[in-house]
There are 2 protein chains.
Amino acid sequence: MAVTLKDIAERAGVTSATVSMVINNKPNISDATRKKVLKIAKELNYYPNVIARGLATRKSNSIGVIVPNLASSFVVRVLQGIKSTNRDIDYTVQLFDTVGQNENESQLFQRLARERRIDGVILISSTVTDEELNIFRDESVPSIVVARKCDSLDSVYVNNEMGACDATDYLIEKGHTQIACVISNKLGLPTKERLDGYKQSLSNHNLPFQEDLVFEVEDDGITSGVEVFSRIRERQPAVSAVFVPAGDMVAIGLIKEAKKRELRIPQDWAVVGFDDIPAAEVVEPSLTTVRQPKLEMGDYAINMIVDKIEGRESGIKHKELPTKIIIRESA
Amino acid sequence: MAVTLKDIAERAGVTSATVSMVINNKPNISDATRKKVLKIAKELNYYPNVIARGLATRKSNSIGVIVPNLASSFVVRVLQGIKSTNRDIDYTVQLFDTVGQNENESQLFQRLARERRIDGVILISSTVTDEELNIFRDESVPSIVVARKCDSLDSVYVNNEMGACDATDYLIEKGHTQIACVISNKLGLPTKERLDGYKQSLSNHNLPFQEDLVFEVEDDGITSGVEVFSRIRERQPAVSAVFVPAGDMVAIGLIKEAKKRELRIPQDWAVVGFDDIPAAEVVEPSLTTVRQPKLEMGDYAINMIVDKIEGRESGIKHKELPTKIIIRESA
DNA sequence: CACCTTATTGCAACCGCTTAAGAAAGTAAG
DNA sequence: CTTACTTTCTTAAGCGGTTGCAATAAGGTG
């Protein structure tokens, strides 16, 4: 059997309450007994049972990270950020995804909260709806959403509009005027914001926004890029540059297909992606893209949620992080 | 306050013990009370407090996944496999990494086990030593190691030797006789196994093994590949093919640098990687490589550990998965 | 009708730790 | 030498479930 407070207490000739206070560094314990207890605890190789402690303190000391799908490089990178923060975090990370489950994000959250499984939640999702986020807000367990802006809940996100605007600015400065924009219909709010940034840039440069320069793709994979290439060429042969808020993988598909069709990049076609995934550096020509500070987002998220859990922060907090355009060869 | 068993019991006019038995689907409860209790539980939106339950049952219903570093695509992919198994897993996944902590994998495991935090552990690491694995074996909490073979502990791994042998066979069949081998000194046992496979293939084809065709790199990043290129060219100008057990990123670096130095791939130099990461498909020419079934490994691991926890399996089990050579353009 | 089963529910201890309140002993003050 | 604090430790009541055993009532048997 595992050694418990009682075991230590017996050997030390005190009560388990006293041992508990020693273990937790509470005041009002004499130096003598404190030392004796600690010595015995070490001898017996004592570890507190966190479950029992959790029941008594009504804390689980763990935070849940809810993601729609772990098979997203963005999500994984944010997760890495969460795990690699410099701060010494006394919380365990429990990982939940909702793909293939019969619960959506908010239902899952509600259950976790009521089951007292977790003290706080980080939701990494750009597609979650406002109504769902309201459920998060209404639960008594603190939560925070990463990857989309939200008025009613703490959030960490990037300035998508500015990122898209910068990217488009860059293409315009390179002399392009017919700039296609490839968006994903699976990205939720950020898609809209990035499209707004694209429009903003055009408008700043007195260029007209043309609805039929906007192309939509179904997912953010490489095949979407391959597929959308023909659509762009057919519908808009005059296009000389493509901005791809749908993501780097789509941009890479586009580049690959363009090269196959004997277009030179960036001379005939300039391409700018969004996110800056590892493959962006690998593709040839390497991909100019808008980098999202994913590690930093995770870092902020974990720090904010811990502050919230421990009552150091109240009220709704937001952290908007800047994007950065990474110039490579494709534009 | 949250609703408890007692709340339900009061309204139902029974004892909380009875409610508990209903909730847990125990026998010896009349249909009438069962129905009544369930109805009230639903009305009150009852969720059992998993911490309290855990204390009583001495189970946490969660399994720990320990990884040395989450910033590894291999690890992440296995993790995805763990999370996406078809089986309905009643365990929560808690994620731990040891990079930047002052505990190594086995110390962490020992603590988690003693603190009763987890019912079982999946360790994803190829570099863990035999001595460390012995600590895992000696603890009473079931555990399993993914990514390396181990006699003393359940394990899930690929047949590295066969994978490397296949890759080398392939190069030899293409007519290559001077085949360099680039290994990582950060991969532990698999490095040795892959090197053995390489030797085996040479031997099978009556080619001599030459020690100085083996090159070592410090990490598995793209820069290692760039760096090792010159070493190979200097020391072994006659090399016409490179097998890179050190991993795809190294192989990609090698390709990029080779192209920069005006070598044609695969005509002048053939390159074969190991692992099959997403970027392998993106690089130009695309990378021929040995695929490791990472999702499947995760799948097996979670199933094995759950069986072990629930006592359906005993004794040491191993699962060896085959690799598969993915032919692309680089060889 | 007395006696024995069987089905169902209640009782109470327990899981291991925390914590508010109280008690004992020492100490300073009047 | 009381009285009133302090300091240090103990008591005991939880936290919210689970579970072995006792108890009760209903039904069956001779």
Side-chain angles (χ1 to χ4, degrees), chain A residues 1-38 40-41 44-62 90 111-119 140, chain B residues 1-38 40-41 44-62 90 111-119 140:
Chain A
M1 271 322 287
V3 17
T4 68
L5 283 189
K6 200 182 289 181
D7 298 328
I8 300 178
E10 278 170 11
R11 304 209 187 200
V14 294
T15 255
S16 66
T18 306
V19 179
S20 170
M21 306 183 94
V22 170
I23 299 290
N24 293 298
N25 256 311
K26 293 282 169 67
N28 299 334
I29 299 285
S30 75
D31 243 34
T33 57
R34 186 181 297 276
K35 279 210 180 101
K36 195 200 308 179
V37 166
L38 286 176
I40 297 177
L44 295 181
N45 201 12
Y46 171 76
Y47 287 87
N49 179 324
V50 294
I51 307 251
R53 174 181 286 174
L55 181 58
T57 58
R58 256 141 300 187
K59 273 199 69 180
S60 65
N61 269 80
S62 67
D90 197 24
R111 180 169 61 82
L112 296 181
R114 305 254 168 107
E115 290 178 345
R116 310 267 119 175
R117 243 180 232 282
I118 39 96
D119 297 331
S140 65
Chain B
M1 269 324 285
V3 16
T4 69
L5 282 188
K6 200 181 287 179
D7 298 327
I8 300 178
E10 278 170 12
R11 304 210 188 199
V14 294
T15 228
S16 66
T18 306
V19 180
S20 170
M21 307 189 92
V22 171
I23 298 291
N24 292 299
N25 256 312
K26 292 283 169 66
N28 299 334
I29 298 286
S30 75
D31 244 35
T33 57
R34 186 183 296 277
K35 279 209 180 98
K36 195 201 304 178
V37 166
L38 285 177
I40 296 177
L44 265 43
N45 201 13
Y46 170 76
Y47 286 88
N49 179 323
V50 294
I51 307 252
R53 175 180 286 173
L55 180 58
T57 59
R58 259 141 298 188
K59 273 199 68 179
S60 66
N61 269 79
S62 66
D90 198 22
R111 181 170 60 83
L112 296 181
R114 306 255 168 106
E115 289 178 345
R116 309 266 119 175
R117 244 181 232 281
I118 39 98
D119 297 331
S140 65

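First the proteins, then the strands, lettered A, B, ... as listed; each starts at 1. Scope of the values below: all heavy atoms of this structure, side chains included, with no hydrogens, waters or symmetry mates.
Rounded to whole Å, atom C1' of D:dG16 lies 17 Å from atom CZ of A:R114. The separation between B:N28 atom CG and D:dG20 atom P is 12 Å, rounded to whole Å. Atom pair A:K59:NZ and D:dG14:C1' shows a separation of 19 Å (rounding to whole Å applied). Atom CG in B:N25 sits roughly 16 Å away from atom C1' in D:dT19 (whole-Å rounding).
When the side chain to side chain donor-acceptor pair (under 3.5 Å) test is applied to A:R114, the partners found at least two apart in sequence or on another chain are A:E139. Not counting sequence neighbours, A:T57 has no partner by the side chain to side chain donor-acceptor pair (under 3.5 Å) test.
Contact check for A:I23 versus A:R53: side-chain heavy atoms found under the 4.5 Å cut-off.
Side-chain contact of A:T15 with A:T18: a donor-acceptor pair under 3.5 Å is absent, judged by distance alone.
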Per-nucleotide protein contact string for nucleotides 15-25 of chain C, where B marks a base within reach and S marks sugar-phosphate only (heavy atoms under 4.0 Å, - for neither):
BBBBB------

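More than 12 heavy atoms of other residues, nucleotides or ligands sit less than 6.0 Å from atom CZ of B:R34.
Closest of all the heavy-atom pairs between B:R117 and B:S62 is O-OG, 3.1 Å.
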